[in-house]
K.L.:
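Submitted below is the structure of interest, expressed as structure tokens.
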Amino acid sequence: MAAPTHIIRFVAKEDSQTHLGQLVDTTRDVGLDSLVGVPVRAYRIDGSLFDGHVTKHVLTAKTLLSPVSQEQCSYIRCLGLHYRDHAKEANLALPDRPILFTKPRTALADPYPAVTSIPKCAQDGSSDYEAELCFVIKKTGRNISEDEALDYVLGYTCGNDVSARTLQMASPQWSYSKGLDSSCPIDKSGFHPLSLWISTNKL
């Protein structure tokens, strides 16, 4: 079969095992379908996210998972304060350059209906979330030119950046306040090998 275009990771109804799959119907809203009970079907992918191939074996998703597991994720690098409205909302000055911070892989979590657990140290009512565009890197590299950058990107999905705002404002270093366990749930609607145009406004 052709190379995958819409990849999901899921527990199958047929065998209660975790699989990767290529969506059978790529026109559907998988997140909405799973919420309202419309069956989500996928061609099983044999192999890993990085080297798998699509088979003709169709499975039905019982539970949709994060497209990347904690075991596959070594590092989550994040970009902060990269658009004007969010800086204004947070009452923060626009930086000369976007702020970089990291999340450990223990922050990676499955999407709804999985529970995003707020640790006791952050249960003061200040927890917040932001929708984010997520890219999955397929190979290591350094000193990469702008022209070669996308050669290192496997694809994209979306997720949430869950933050403990009180802890965030208490320190200039954001990794602790944004790196708590399950603070990075990744979208259930799947993972898309790179084919994306983004239009942005300047800061």
Side-chain angles (χ1 to χ4, degrees), residues 1-76 78 103-118 127-139 150 152-163 178 180-199:
M1 296 186 73
T5 59
H6 295 69
I7 302 170
I8 59 172
R9 183 170 155 266
F10 61 99
V11 176
K13 286 185 178 180
E14 290 81 359
D15 61 7
S16 296
Q17 299 297 309
T18 298
H19 298 276
L20 288 173
Q22 159 69 30
L23 288 177
V24 171
D25 186 349
T26 59
T27 67
R28 302 290 303 175
D29 182 330
V30 178
L32 180 60
D33 282 353
S34 67
L35 186 64
V36 300
V38 175
V40 175
R41 296 185 175 89
Y43 298 106
R44 189 187 69 209
I45 293 176
D46 289 344
S48 75
L49 186 63
F50 304 97
D51 62 8
H53 66 276
V54 182
T55 71
K56 295 181 179 180
H57 187 167
V58 176
L59 296 170
T60 305
K62 177 170 67 175
T63 305
L64 291 170
L65 307 172
S66 164
V68 179
S69 69
Q70 285 191 0
E71 292 73 24
Q72 291 173 311
C73 175
S74 59
Y75 197 66
I76 304 171
C78 308
K103 290 176 180 274
R105 67 181 181 181
T106 52
L108 191 64
D110 292 325
Y112 178 86
V115 175
T116 298
S117 179
I118 305 299
S127 294
D128 198 3
Y129 63 92
E130 304 158 63
E132 303 288 354
L133 176 66
C134 307
F135 288 88
V136 177
I137 305 302
K138 65 182 176 182
K139 58 184 178 180
L150 292 183
Y152 291 78
V153 177
L154 181 64
Y156 67 95
T157 185
C158 57
N160 269 317
D161 170 22
V162 179
S163 307
K178 288 175 169 284
L180 301 171
D181 288 355
S182 74
S183 64
C184 188
I186 300 295
D187 183 47
K188 68 173 70 177
S189 64
F191 171 82
H192 310 276
L194 194 64
S195 178
L196 176 69
W197 287 96
I198 304 175
S199 178

K.L.:
Do the side chains of V40 and L23 get nearer than 4.5 Å, heavy atoms only?
P.N.:
yes
K.L.:
Give the intermediate values and the outcome of side-chain contact (heavy atoms from CB on, under 4.5 Å) for residues T157 and I7.
P.N.:
CA-CA 10 Å; T157 185; I7 302 170; over 6 Å; no
K.L.:
Are any non-hydrogen side-chain atoms of T5 and Q22 less than 4.5 angstrom apart?
P.N.:
yes
K.L.:
Measuring from S183:OG to D161:CG, what's the distance to the nearest 0.5 Å?
P.N.:
7.0 Å
K.L.:
Just wondering, more than 12 heavy atoms not from Y152 lying within 6.0 Å of its OH?
P.N.:
yes
K.L.:
Show your reasoning for whether side-chain contact (heavy atoms from CB on, under 4.5 Å) applies to T60 and E14.
P.N.:
CA-CA 7 Å; T60 305; E14 290 81 359; 3.2 Å; yes
K.L.:
I'd like to check R44 versus D46 (side-chain heavy atoms, cut-off strictly below 4.5 Å). Are they in contact?
P.N.:
yes
K.L.:
Only one of L20, D51, I8 forms a side chain to side chain contact (heavy atoms under 4.5 Å, CB included) with I45, so which one is it?
P.N.:
L20
K.L.:
Decide if atom NZ of K56 counts as having more than 12 heavy atoms of other residues, nucleotides or ligands within a radius under 6.0 Å.
P.N.:
no
K.L.:
Compute whether any side-chain donor of one residue and acceptor of the other, for T106 and Q70, lie under 3.5 angstrom apart.
P.N.:
no
K.L.:
Should Y75 and I137 count as side-chain neighbours, where that means a heavy-atom distance under 4.5 Å?
P.N.:
no
K.L.:
Please report the closest heavy-atom contact between G159 and C134, naming both atoms and the distance.
P.N.:
N-SG, 3.6 Å
K.L.:
Tell me, with the steps shown, if L108 and S66 meet side-chain contact (heavy atoms from CB on, under 4.5 Å).
P.N.:
CA-CA 8 Å; L108 191 64; S66 164; 4.1 Å; yes
K.L.:
Would you say H19 and F10 make side-chain contact, with heavy atoms under 4.5 Å?
P.N.:
yes
K.L.:
What's the separation between atom NE2 in H6 and atom OG1 in T26, rounded to the nearest 0.5 Å?
P.N.:
5.0 Å
K.L.:
Are any non-hydrogen side-chain atoms of D181 and S117 less than 4.5 angstrom apart?
P.N.:
no
K.L.:
Walk me through whether V24 and R28 qualify under side-chain contact (heavy atoms from CB on, under 4.5 Å).
P.N.:
CA-CA 9 Å; V24 171; R28 302 290 303 175; over 6 Å; no
K.L.:
Between L32 and D29, which heavy-atom pair has the shortest distance, and what is it?
P.N.:
N-OD1, 3.0 Å
K.L.:
Would you name the heavy atoms of A114 and D110 that are closest together and state the gap between them?
P.N.:
CB-O, 3.6 Å
K.L.:
Taking side chain as C-beta onward, heavy atoms only, is P67 less than 4.5 Å from I186?
P.N.:
yes
K.L.:
Is it true that a side-chain atom of K178 and a backbone atom of K103 form a donor plus acceptor pair closer than 3.5 Å?
P.N.:
no
K.L.:
For the atom pair OG1 (T116) and CG (N160), what is the distance rounded to the nearest 0.5 Å?
P.N.:
7.5 Å
K.L.:
Side-chain contact test, heavy atoms from C-beta onward, threshold under 4.5 Å: evaluate it for R9 versus T18 and give yes or no.
P.N.:
yes
